[in-house]
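So the structure is just underneath, and the comments pick up after that.
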Amino acid sequence: DTAVSQTPKYLVTQMGNDKSIKCEQNLGHDTMYWYKQDSKKFLKIMFSYNNKELIINETVPNRFSPKSPDKAHLNLHINSLELGDSAVYFCASSQQAGGPWTQYFGPGTRLLVL
Amino acid sequence: GDSVTQMEGPVTLSEEACLTINCTYTATGYPSLFWYVQYPGEGLQLLLKATKADDKGSNKGFEATYRKETTSFHLEKGSVQVSDSAVYFCALSAGGTSYGKLTFGQGTILTVHP
């Protein structure tokens with residue numbers, strides 16, 4: 001059983017398009033995250049939700065909008081895609097929001113903007 | 001702000017060699033420390049963690065000790081295998097208003113040859 005799943009796994013699109021990435025976790029966790037991994041493998045937090053409430057909103061262009069319909073799902077919508085948005089986007093979840101809780105990662109969504 | 005510095009890679013070793021990947025951190029308070037591993041084309045998996053000073057995390061022959069006095073969390077393994085080839089990330093999670101977000105080092109690519 002997949003603990004944290006993401007769809008789609010690959011996404012190739014043109015500049016200017018709007019796209020969404022979906023994430024679901026079946027671990028019963030309260031907290032979910034979005035991270036971006038750039039071409040040099042560097043990972044950076046984008047957003048986090050705890051029980052459907054936004055708790056982390058890093059410096060991310062407002063073309064990126066997360067939505068959490070329930071605590072098992074966290075989606076990421078990107079408007080007006082730019083070349084620089086090409087990256088791997090990882091969803092993660094943890095039991096609670098806080099230091100010692102382990103985060104479990106999804107397999108990633110590889111986004112390529114042409 | 002919080003930060004993590006890992007030794008520069010890539011690291012190339014022969015099978016059965018000893019491995020050390022250095023990791024130092026800067027954080028306010030008492031963060032939890034993690035090592036994550038990313039195999040080619042996959043998401044991140046927790047390798048080990050330590051949540052307080054002098055704790056030792058261990059898993060699959062890997063070990064790391066939380067050293068508060070040197071703000072370090074170096075990853076070690078006595079005898080690497082070809083299957084250990086992956087990217088290794090050191091990360092910290094501070095408490096308080098960071099809400100458990102992970103701050104990652106830049107990653108170290110490890111290649112093990114037969």
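So that the names make sense, note that chain A is the first sequence line, chain B the second, and so on, each numbered from 1.
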Distance in Å, A:F90 CZ paired with B:E42 CD, rounded so as to fall on 0.5 Å steps: 10.0 Å
Segment of A:K44 engaging chain B (4.5 angstrom heavy-atom cut-off): neither
Within one Ile-Leu-Val-Met-Phe-Trp-Tyr cluster: A:V113 and A:V88, side-chain cutoff 4.5 Å: no
Region of B:K49 in contact with chain A, defined by heavy-atom distances below 4.5 Å: side chain
Nearest atoms (heavy-atom pairs only) where B:Y36 meets A:T102: OH-CG2, 4.0 Å
Part of A:E58 within contact of chain B (heavy atom distance under 4.5 Å): side chain
Chain B contact via A:I55 - which portion, at a heavy-atom distance below 4.5 Å: both
Interface moiety of A:Q37 toward chain B, non-hydrogen atoms closer than 4.5 Å: side chain
Atom NZ of A:K67: over 12 foreign heavy atoms under 6.0 Å: no
Over 12 non-hydrogen atoms of neighbours within 6.0 angstrom of OH in B:Y30: no
Single-linkage hydrophobic cluster, 4.5 Å side-chain cutoff, A:L43 and A:Y89 together: no
Toward chain A, the part of B:Q38 with a non-hydrogen atom under 4.5 Å: side chain
A:L81 with A:L112, same ILVMFWY side-chain cluster at under 4.5 Å: no
Sidechain-backbone polar pair: A:Q103 side chain, B:G100 backbone, donor-acceptor under 3.5 Å: yes
Choice from A:V4, A:T31, A:I56 maximising heavy atom contacts with chain B below 4.5 Å: A:I56
Common cluster, B:W35/B:Y25, ILVMFWY with side-chain heavy-atom separation under 4.5 Å: yes
Nearest heavy-atom neighbours spanning A:F105 and B:L44: CB-O, 3.4 Å
Connected via hydrophobic side-chain network under 4.5 Å: A:F47 and A:F42: no
B:E16 atom CD: more than 12 heavy-atom contacts under 6.0 Å: no
Where B:S32 and A:P100 come nearest, the two heavy atoms and their spacing: OG-CA, 3.3 Å
Residue pair A:Y35 / B:L102, side-chain heavy-atom distance below 4.5 Å: yes
